[in-house]
Amino acid sequence: MPSLFPKDFLWGGAVAANQVEGAFNEGGKGLSTADVVKYCPPGERNSLEQLLSMSRAELYEAIADNGDGNYPKRRGIGFYHRYKEDIALFAEMGFKVFRLSISWPRIFPTGEETEPNEEGLRFYDEVFDELRKYNMEPLVTISHYEMPVHLVTKYNGWASRELVELFLRYADTVFTRYKDKVKYWLTFNEINCTLKAPFLGAGIIMDGVENEKQVAFQALHHQFVASALAVKRGREINPEFSIGCMLARKLLYPYSCRPEDVLQAQAENQMAQFCSDVQVRGYYPSYIQRHLKKHGVSIEMLPGDVEILQENLVDFLSFSYYMSSAVSTDNSITATTAGNLSTGLANPYLQTSDWGWQIDPIGLRVVLKEMHDRYQIPLFVVENGLGAADEVAEDGSIRDDYRIDYLAQHIAQMAEAIEDGVELMGYTSWGCIDLISASTSEMRKRYGYIYVDQDDEGGGTLARLRKKSFYWYKQVIATNGAELYNS
Ligand code: BGP
């Protein structure tokens, strides 16, 4: 069968600095919000709970901890020292693009310096040069779930408007430094997660806060303004830049065809697209007003904010898609499913992953079509994948057929969506090399084509091994998505 993907389709994989680099106190890097999230054995307050609502006491305890606790994102998978080996493996698969993030505290250790940390800048210079060597485009997320922890202790993160200026100093620095090395940029990873997980998305401690929604929406407004101003600045620095926004897009189905369920699903899907409505269309959509009023939220805007949002729209819309779930107004329906930072009602027609996330490839096509209809701008799937507990067989092989199935089915639906008329720029599957889980801080939850020998406690040799999916993805890329099943 001929390929349905455009000739210049950007195939690749994605990671985030805080989940791979390690070297948390090397090269002049400051402590980040990811470095203070602890891995706790079952039964204790887990990483996800910390990310959803980090307390001040917990934060200070972690800052003071110089080595007793298990903070997996401090060690990552050693990418800081092994990036050449890892990039060579991506090149072997034929990656056209590699999505990575820059660690803000590697460039501005506390976030408040007036001069950047040259050693940090040099590290990314070397990484980008290495990618260029293999003709791989970097796709760079400027802020992916981390910031200098100092900005939390001093300002309570994005709750404060001060962060806008500090972020712009950082964005300006990396745009200027890498203007000839990087073309594709994303401002904030999964920006809508600020509402669900304020510590993870925006470095906010909610201790003592009366109306958490008020603080979260205000923080989000600061991020919208910062993102729009970064788009503006980026275009001034290099008009060839292509700058996108990034959403966590979980599809929500009505549990039944009861009109109440349909309405509820519509409302929740609107909320899931609220951030892209602002960043792609350039204004707060009218439906959000009722929501804000209901929750007693009033967003403080400075003169000029409306114009800033209006005049600096993103070039493309990128998103993560892992799963779907269902919603209902009927309280007697109680079977739930786990999910990407949130739970929902289980859909009886779908299977689940080892971590209880429901697998729904057709949902990806639904989302792609819906977003295309709504925005008419290029789309980019920058995260998708299956977290699973892979086993290394005695002969050293890792037969992750379940992952191949998951990915093949999702890619097949992307091809269908392209046939449906969707403009899709590329696909970077999540965690192309095993990394520390964003939500659970586990190593055991693996997404990669490349296995990394490390356990949840940090034991292991860090050796890299090619899984079965490695060879499969190589073939997918080589055939531009035409051969998905017969590896
Ligand atoms: C997204 C994040 C990633 C990531 C992925 C998988 O929300 O942008 O950083 O890790 O989800 O999630 P997890 O690691 O929790 O399985």
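Order of listing sets the numbers, starting from 1, for every ligand and every atom in it.
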(request) Please work out whether the ring planes of Tyr447 and Tyr322 are parallel, tilted or perpendicular, with thresholds of 30° and 60°. (result) perpendicular

(message) Is there a polar contact between ligand 1 and Trp357, counting only N or O atoms under 3.5 Å apart?
(response) no

(request) Can you pull out the closest protein heavy atom to atom 1 (C) of ligand 1? Residue, atom name and distance to 0.1 Å, please. (result) Glu383 OE1, 3.0 Å

(message) I need the nearest protein heavy-atom contact for atom 5 (C) of ligand 1: residue, atom name and distance, please.
(response) Tyr322 OH, 3.2 Å

(message) Can you tell me if Tyr447 contacts ligand 1 (heavy atom of the residue under 4.0 Å from the ligand)?
(response) yes

(message) With a 4.0 Å cut-off on N to O distance, would you call Arg249 and Glu370 a salt bridge?
(response) yes

(message) For atom 13 (P) of ligand 1, what's the nearest protein heavy-atom neighbour? Residue, atom name and distance, please.
(response) Ser437 OG, 3.5 Å

(request) Give a yes/no verdict on a cation-pi contact between Arg106 and Phe123, requiring under 6.0 Å between NZ or CZ and the six-membered ring centre and an angle within 45° of the axis. (result) yes

(message) Can you classify the ring geometry of Trp472 versus Tyr449 as parallel (below 30°), tilted (30 to 60°) or perpendicular (above 60°)?
(response) tilted

(message) Considering Glu442, Met246, Gln19 one by one, which has a heavy atom nearer to atom 10 (O) of ligand 1 than any of the others?
(response) Gln19

(request) Could you tell me the residue and atom name of the protein heavy atom closest to atom 14 (O) of ligand 1, and the distance to it rounded to 0.1 Å? (result) Ala438 N, 2.7 Å

(message) Among all the protein's non-hydrogen atoms, which is closest to atom 7 (O) of ligand 1, and how far away is it?
(response) Glu190 OE1, 2.5 Å

(message) Just checking Phe188 against Phe167, ring centres under 6.0 Å apart?
(response) yes

(request) I would like to know whether Glu383 and Arg99 meet salt bridge (Lys or Arg N to Asp or Glu O under 4.0 Å); could you show each step before the answer? (result) CA-CA 9 Å; Glu383 283 187 33; Arg99 176 179 175 226; 3.0 Å; yes

(request) Measure Asn189 to ligand 1 on non-hydrogen atoms and call it side chain, backbone, both or neither using the 4.0 Å cut-off. (result) side chain

(request) Determine whether the side chain, the backbone, both or neither of Ala16 has a heavy atom under 4.0 Å from any heavy atom of ligand 1. (result) neither

(request) Please round to the nearest 0.5 Å and tell me the distance separating atom CD1 of Ile205 and atom CG of Leu59. (result) 4.5 Å

(request) For ligand 1, find out whether one of its N or O atoms is nearer than 3.5 Å to an N or O atom of His144. (result) yes

(request) Could you find the nearest protein heavy atom to atom 15 (O) of ligand 1 and give me its residue, atom name and distance? (result) Ser439 OG, 2.4 Å

(request) Indicate whether the side chain of Asn384 and that of Tyr427 have a donor and an acceptor atom separated by less than 3.5 Å. (result) yes

